Protein chains: 2
Amino acid sequence: MSNITEIAKRANVSRTTVSRVLNHHPYVKHDKREAVFQAMKELHYVPNLNAINLSRGRTNVLGVIVPKISHPFFSSLIEGIGEECHQFDYSLLVYQSNNDPKKELQFFDKLKHQQIDGLILGSSVLPTATVDHFAQYLNVVSCENSNSNILPRVYVNHGHGIQLAIDHLRERGHQKMGLCIGNPQSGVGVTRRESFFHFQELYELNWQEEWYFSEQYTIDHGREIARNLIEQKERPTAMIVGSDQVAAGLYYELANQELRIPEDLAIVGFDNQPIAQITELTTIQQPVKELGKKAVFLLNNLIHKQIVPLSNLFDLQLIARKST
Amino acid sequence: MSNITEIAKRANVSRTTVSRVLNHHPYVKHDKREAVFQAMKELHYVPNLNAINLSRGRTNVLGVIVPKISHPFFSSLIEGIGEECHQFDYSLLVYQSNNDPKKELQFFDKLKHQQIDGLILGSSVLPTATVDHFAQYLNVVSCENSNSNILPRVYVNHGHGIQLAIDHLRERGHQKMGLCIGNPQSGVGVTRRESFFHFQELYELNWQEEWYFSEQYTIDHGREIARNLIEQKERPTAMIVGSDQVAAGLYYELANQELRIPEDLAIVGFDNQPIAQITELTTIQQPVKELGKKAVFLLNNLIHKQIVPLSNLFDLQLIARKST
DNA sequence: TTGAAAGCGCTAACAA
DNA sequence: TTGTTAGCGCTTTCAA
C-alpha cells in the first residue's frame, strides 16, 4: 500500500502538495498536479481513511440504532436514512438494540469514541434525561417525539394517527374500540396510548380494560388477541392496532374462526405495509423513508454547527380499505 | 477530550504504560494500573478509535452490501449479520446497491481505503471475475453461490429449492408450471432459472415461454402477472414464484378475479415471510439469519488469516400450506 | 505556488 | 516491569 510520501517522492513534490492535490486545493500548478496524478496511478494509490479521520477529527460515518432491523418499519427507516447518507457522502453504521437500554448506551460510546460523527435514534427506551445528557455534547437526532428541549427530532404525530383511526371508526358507527400497541415504554407507545384514552374520554366512548393489549409485535401475537377477544363476553366492535403485522394476524385468526370483518370486528392497522394491502386492511400510513431522510438532513446540519429546528412533524394519512 | 499523554502525566507513568493498561497487557504493576484507571476516570478519558485503527491498521468494522435494505430477505440477512457482528465485537456498515454495479464497486473502495476490515456481499451483480479480483487481496464473503475458486460463500441450494417445489407440485398432479424470479442476473436468479428448466426437461413437463417472468419484486408485480396469466389462452396450473411478496400479489389478484387457489392455479413462494403465513402460501423456507451469521463467522476467520471452506451450503425446507 | 514541520492519538519494537 | 522512541498516513499551520 503506497502512501503520500511515496507519491511525493515519485512526483518530485512535497507531501503537502500531494495532500493539496488530494483535497482539490486551488494553489497547485498544473504540471505538478499532473505529476502527482501520474504517480498515484502508477503506485495504485488509495488514501487511508483512518489517517484522514484522525487528522480531521471526523469520520463521515453516521450511526443508527433500531430495536429490530428486520421490522418493516425500521428497515424502511434505515433505507431512507441510507439513501440520504449516500447523498451527503456518509457511510451508515447500523445497530440493533432489541429495546435493551444497555445496548443503546454502548452505541453512544461509539459516538464518544469518534467512530461516528452523529447518531440517529430510530427508537429509544432510554430516559429523556439520559439522551439529553448525550445530546448536549454529541450530535444526536431522534425519530420519535420527546419533550426534550435540546434533542432535535423528526416524527409523525401518532396522537393524530390515533385520532384519524377513531374518527374513521366513529363515522362508521363504532363506539366500542380496543387498542393494541407494541412497546409501551417507547415514545410512540406512550403517545398512542395517551391519545387513545384522551379521545375515549372526549368522545365518551365505552372503553374497557380488557380491550387493551401491549407488547404485541408479531402475527402470532395478533392471532392470540383474536382468540382472547373471542372468549370475551362483551367484545369491542373495532380494534386499533399499532402494527400491520399484528393486525394481519388478528384478521387472519378472526376469519379462521368464521367471524366477519368488518361486521363482527373492524380493524385499523398502522404503517401500510405490503401485508396490509394483501389483507385489505385499513391502516395509517407513515412517511417512513422521508422521516429517515429528514433525520440525516438535520444531523448533517448539526454536525456542521448549524441551528436545527427541534420539532419536525410529518403528516399521517388514513388509508381506508375493507377491514373497516 | 483527553488523550493518553494527559493520562500518563497525571498518573505519573509513560504513555506506553497507559497503552498497556488500556490493552490489558499483563506487565503492569497493580498500583500503577490503579493510578492510570484513576486518571482516566478523573479526565473522563475516551479512547480515539481512529488513532487506534490507524496504528493497528484495522477498524473492527465489517460492511454488507444488499440490493434493497427494506426487502424482507435482506433485512433479515442484515439482522443475522448484525447479531453475529455484535458477538465478535464488530460494527456493521450497511450499504444499498439497488443492483447497480457502480455502487457495488464504490463499496469495495471502502475496503481498500481500510474503512472496513471485511465485506459481505448480500447479492451482487458484478461479474465473477471482478469480484474474484478483489477477493484476491481483500476479505470478502458472498451470500450467493458462485463458481469462483477463491471467493468463500454461504448459500442455500436454490436449485434444490426449485426441485422441492417442482416435486411437491408433481405429487399434486401438476404438469404445467410457470416460473417467476427477481433479478435474472444475480447468482440466485441464474440458479433458479437453470434449475427450473433442467427439471422441466428431466421430467418432460409442458413448459411454455409465456409462463416465465423475471424482474418481479413487488406485490403489484404479482398482481400484474395474475392479470397476464388470466389473459392467456393456455394457463399453467401452478406457478413457482421466487418471492413471497410477489406470490402474495399473484394470489390476491387471482382471488379478486374469482379464481380458486389451488384448484385453478397453485402457487409456491419463497422465503416464508409473514405475508406467506397470512395468505396460506406454500413456500420454500430459507435459514436467512443463519446464513448471515455464518457469513460473519467466515469473514472473521478470513480476517484472522485462517483457512475457510469456500462452499458453505444450507438446507432449504418446503412448507406446505393451502396454496398448493 | 510550494514545502518544512508539527501535530492527530495511539501502538509496538526495543532497550533497560 | 517500565520507558524511549519511532512510526501509522494524513492535514494544516507557517514561512518562504
Side-chain angles (χ1 to χ4, degrees), chain A residues 1-40 43-61 89 109-117, chain B residues 1-40 42-61 89 109-117 303:
Chain A
M1 281 276 150
S2 60
N3 57 28
I4 51 167
T5 307
E6 290 182 41
I7 304 293
K9 269 190 202 136
R10 178 174 279 248
N12 259 313
V13 297
S14 71
R15 288 154 28 109
T16 314
T17 300
V18 177
S19 174
R20 288 204 182 94
V21 171
L22 245 24
N23 292 286
H24 309 101
H25 194 93
Y27 295 149
V28 182
K29 265 213 180 130
H30 182 72
D31 53 340
K32 297 228 176 199
R33 182 185 305 274
E34 286 309 307
V36 168
F37 277 136
Q38 183 60 32
M40 295 199 313
L43 294 170
H44 300 100
Y45 172 73
V46 177
N48 181 319
L49 278 180
N50 284 315
I52 297 175
N53 292 341
L54 176 58
S55 262
R56 291 215 248 250
R58 46 174 300 198
T59 61
N60 266 28
V61 178
D89 210 31
D109 280 345
K110 292 195 195 293
L111 241 187
K112 290 197 287 186
H113 292 208
Q114 304 186 34
Q115 195 173 19
I116 55 181
D117 293 342
Chain B
M1 281 272 151
S2 60
N3 56 27
I4 53 167
T5 307
E6 292 182 39
I7 304 294
K9 270 190 202 135
R10 180 174 278 247
N12 257 315
V13 297
S14 71
R15 287 152 31 106
T16 314
T17 299
V18 177
S19 173
R20 288 204 182 94
V21 172
L22 243 25
N23 292 285
H24 309 101
H25 195 92
Y27 293 150
V28 182
K29 263 209 181 138
H30 182 74
D31 52 341
K32 297 227 175 199
R33 182 185 304 276
E34 285 309 308
V36 169
F37 277 136
Q38 183 60 31
M40 294 198 314
E42 287 169 17
L43 295 170
H44 299 99
Y45 172 73
V46 176
N48 180 318
L49 278 181
N50 284 123
I52 297 175
N53 292 342
L54 176 59
S55 263
R56 287 214 250 251
R58 45 173 301 194
T59 61
N60 267 27
V61 177
D89 210 31
D109 280 345
K110 293 196 193 295
L111 243 188
K112 290 197 287 185
H113 293 207
Q114 304 186 37
Q115 194 174 19
I116 56 181
D117 293 343
I303 289 167

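Bear in mind that the values here come from a model prediction, so they are computed numbers and not experimental data. All chains are named by letter (A, B, ...) in the order of the sequence lines, taking the proteins before the strands, and each is independently numbered beginning at 1.
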Can you tell me the distance, in whole Å, between the [atom1] atom of [X] and the [atom2] atom of [N]?
X         : N       : atom1 : atom2 : result
Ile4(B)   : dT5(D)  : CD1   : C1'   : 13 Å
Gln115(B) : dG9(D)  : CD    : C1'   : 15 Å
Arg33(A)  : dT2(C)  : CZ    : C1'   : 13 Å
Asp31(B)  : dT2(D)  : CG    : C1'   : 12 Å
Lys29(A)  : dT2(C)  : NZ    : C1'   : 10 Å
His30(A)  : dT2(C)  : NE2   : C1'   : 17 Å
Ile7(A)   : dC10(D) : CD1   : P     : 9 Å
Tyr27(B)  : dA15(C) : OH    : P     : 17 Å

Are any of [X]'s side-chain N or O atoms less than 4.0 Å away from OP1 or OP2 of [N]?
X        : N       : answer
Ser19(B) : dC10(C) : no
Asn23(A) : dT11(D) : yes
Ser14(A) : dT2(C)  : no
Asn3(B)  : dC8(C)  : no
Tyr45(A) : dC10(D) : yes

| said: Is the shortest side-chain heavy-atom distance between Asn48(A) and Asn3(A) below 4.5 Å? | reply: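 No, every pair of side-chain atoms sits at 4.5 Å or beyond.
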| request: Have a look at Arg20(B) and tell me which of Val18(B), Thr16(B), Asn23(B), Leu22(B) forms a side chain to side chain contact (heavy atoms under 4.5 Å, CB included) with it. | output: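 Of the listed residues Val18(B), Thr16(B), Asn23(B), Leu22(B), the side chain to side chain contact (heavy atoms under 4.5 Å, CB included) partner of Arg20(B) is Thr16(B).
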Does [X] contact [N] through a side-chain donor or acceptor facing the base, at a distance under 3.5 Å?
X        : N       : result
Arg15(B) : dT11(C) : yes
Thr16(B) : dA12(C) : yes
Ser55(B) : dG7(D)  : yes

| Base, sugar-phosphate, or nothing: which does Pro26(B) touch, judged by heavy atoms less than 4.0 Å apart? |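 Contact class for Pro26(B): none.
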| task | Determine the contact category for Ile52(B): base if any of its heavy atoms lies under 4.0 Å from a base atom, sugar-phosphate if only primed atoms, P, OP1 or OP2 are that close, otherwise nothing. | result |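 Sugar-phosphate only.
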| Roughly how far apart are Lys9(B) NZ and Ser2(B) OG, rounded to 0.5 Å? |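 Spacing of NZ (Lys9(B)) from OG (Ser2(B)) equals 12.0 Å.
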| query | Rounded to the nearest 0.5 Å, what separation is found between the CG atom of Asp117(B) and the CD1 atom of Ile303(B)? | reply |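 That separation rounds to 5.0 Å.
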| Between Val18(A) and Arg20(B), who's closer to the 5' end of DNA chain D by nearest nucleotide? |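 The residue closer to the strand's 5' end, by nearest nucleotide, is Arg20(B).
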| First encountered from the 5' end of DNA chain D, between Arg56(B) and Lys32(B) |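 The answer here is Lys32(B).
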| said: Side chains of Glu34(A) and Gln38(A): any donor to acceptor distance under 3.5 Å? | reply: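 Note: Gln38(A) and Glu34(A) side chains miss the donor-acceptor criterion.
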